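Side-chain atoms are counted along with the backbone in the values below, which use heavy atoms only and exclude waters and symmetry mates. Just follow the structure's listing: the first ligand is 1, and inside any ligand the first atom is 1. Quantities reported herein were computed from a predicted structural model and do not represent experimental measurements. The first residue in the sequence is number 1, and the count goes up from there.
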Amino acid sequence: MDLKKLMADLEAKNPSQPLYLQAAKEVLETIVDFVNENPQYDKYAIVERILEPERIVKFKVTWVDDKGQIQVNRGFRVQHNMAIGPYKGGLRFHKSVTEDTMKFLAFEQTFKNSLTTLPMGGGKGGSDFDQTGKSEGEVMRFCQAFMTELQKYIGAETDVPAGDIGVGAREIGFMYGQYKRIRGEHVGVLTGKGLEWGGSLIRPEATGFGAVYFLEGMLKENKDGIKGKRVALSGFGNVAWGAALKLEELGAKVVAISGPDGYILDEDGITGDKIAYMNDLNVTRNNVVAPFAKKYPSAKFFAGKKSWEVKVDVAIPCAIQNELDEKDAKTLIANGVKYVVEASNMGCTAEAVTALQKAKVGFAPGKAANAGGVATSGLEMSQNSMKLSWSAKEVDEKLNAIMTSIHDNCVKHGKGKDGYINYVKGANIAGFIKVADAMIAQGIAY
Ligand code: 2IT
């Protein structure tokens, strides 16, 4: 494969999609040698084919707000790759959502889902709907209008959406209800469902738990341990919440966490009821974390700053793409950070990743480290198919085994001669192989 030509073609074809180009470039740069050593991939033009989503659905979402005014939003579903299973991936409701965001996330999801060991293809969807300040009735009417259109394109065996930023149990409930109303069937078409109606135990915690299990794998590789490690988080959503719970359980100390308006520093550690309060704050709906410092005297609030300026051993971005930039990376490195684990999708800029790798910091990309969320969605699909529910222990053990397998697969394909593990390269090659081999086996279909 000719990396320069592929990138030039991609830039010409997608001139206004910087996020998609960033995600694609990272993959191409890390798989180029592997692809060139294995000529079957070029013979079947696998790289060119994997770069093009199988389908992009764009639609209008019209709904009526509490004042009786008509609102118009955009809806998307990118069905990126179905080679190894039905399209699978979350729905993001956030004001920043564009076709570019959806394309980069769906592309990443294909590799991530391949890594989970479960049979799931890659997809992503969402809307530029901003739920800040919206009433419950408005959110419900939006979700119903969104699903009225989306239901034409999804199904339990074809495309199974889930949550992401701005889409939690409440929104999944509203959308599931609307799907059921229109189609008249109670099937596993969404994951992240409530426990009473087909959901899985541990799904809310899974992305955070999985990221910490991945971190444990990295530590073990370095003959290091998690006990006593100082950790900075970002995000205040269910990913950061799950990570904080597991970090406390395993004896690490979360000292800082940032949100949209600034960060909280708490040298006593963010533990126990403070973690529960993270959920009560409902930052996705309200956009503020400052009240945390009012409630807990040990916590200080730093307006407009990010938690990456705190001296920590481990940083886990859990918010949104490109939330940790080169400057943040250099500050973390100067403060002696040992591990940066992306729980958000593409949480670090390309320049930040380069700086961290150059400094030999252990760096785990989101498509490997945050795969626990979608992996547990896959386990929810299995339970729906069997019409049985597993215990929390059973799901958690399966999640842990999957994260260990992802970690080991990254090491297998990413360990360099000097012993430094390039987890980005490892994840991209390991994720690529399964999808590419399935595409070859299935003939020239997509
Ligand atoms: O980014 C992600 O992997 C998710 N938002 C979870 C997707 C899923 O289908 O559970």
Give me the residue, atom name and distance of the protein heavy atom closest to atom 7 (C) of ligand 1. G90 N, 3.5 Å
Whether Q109 lies under 4.0 Å from ligand 1, heavy atom: yes
SB check K58 E99 (cutoff 4.0 Å): yes
Within the structure, is a non-hydrogen atom of G163 found at a distance of less than 4.0 Å from ligand 1? yes
Return the minimal non-hydrogen interatomic distance between T117 and S405, and the atom names on each side. CG2-OG, 3.4 Å
Salt bridge (Lys or Arg N to Asp or Glu O under 4.0 Å): which pairs involve residues 381-390, sequence neighbours left out? none
Note: D224-K229 ion pair, threshold 4.0 Å (strictly below): yes
What is the ring orientation for Y176 with W197, classed by angle as parallel under 30°, tilted 30 to 60°, or perpendicular over 60°? tilted
Of the protein's non-hydrogen atoms, which lies at the shortest distance from atom 10 (O) of ligand 1, and what is that distance? S377 OG, 2.6 Å
Does the separation of the ring centres of F59 and F76 fall below 6.0 angstrom? no
Is it true that K330 and E351 have a side-chain N and a carboxylate O under 4.0 angstrom from each other? no
Closest to atom 8 (C) of ligand 1 (judged by heavy-atom distance), picking from A106, A162, P161: A162
Numbered atoms of ligand 1 (with element) below 4.0 Å of D164, judged on heavy atoms: 1 (O), 4 (C), 5 (N)
Which one holds for V160 and ligand 1: side chain close, backbone close, both close, or neither close, with close meaning a heavy atom under 4.0 Å? neither
In terms of residue, atom name and distance, what is the protein heavy atom nearest to atom 9 (O) of ligand 1? K88 NZ, 2.7 Å
Which segment of K124 sits under 4.0 Å of ligand 1 when only heavy atoms are counted: side chain
Distance from atom 2 (C) of ligand 1 to nearest protein heavy atom, with residue and atom: K112 NZ, 3.2 Å
Of the side chain and backbone of R203, name the one, both, or neither that has a heavy atom under 4.0 Å from an atom of ligand 1. side chain
Numbering as shown, the atoms of ligand 1 that approach N345 to under 4.0 Å (heavy-atom distance): 1 (O)
Would you say the ring centers of F107 and Y20 fall short of 6.0 Å from each other? yes
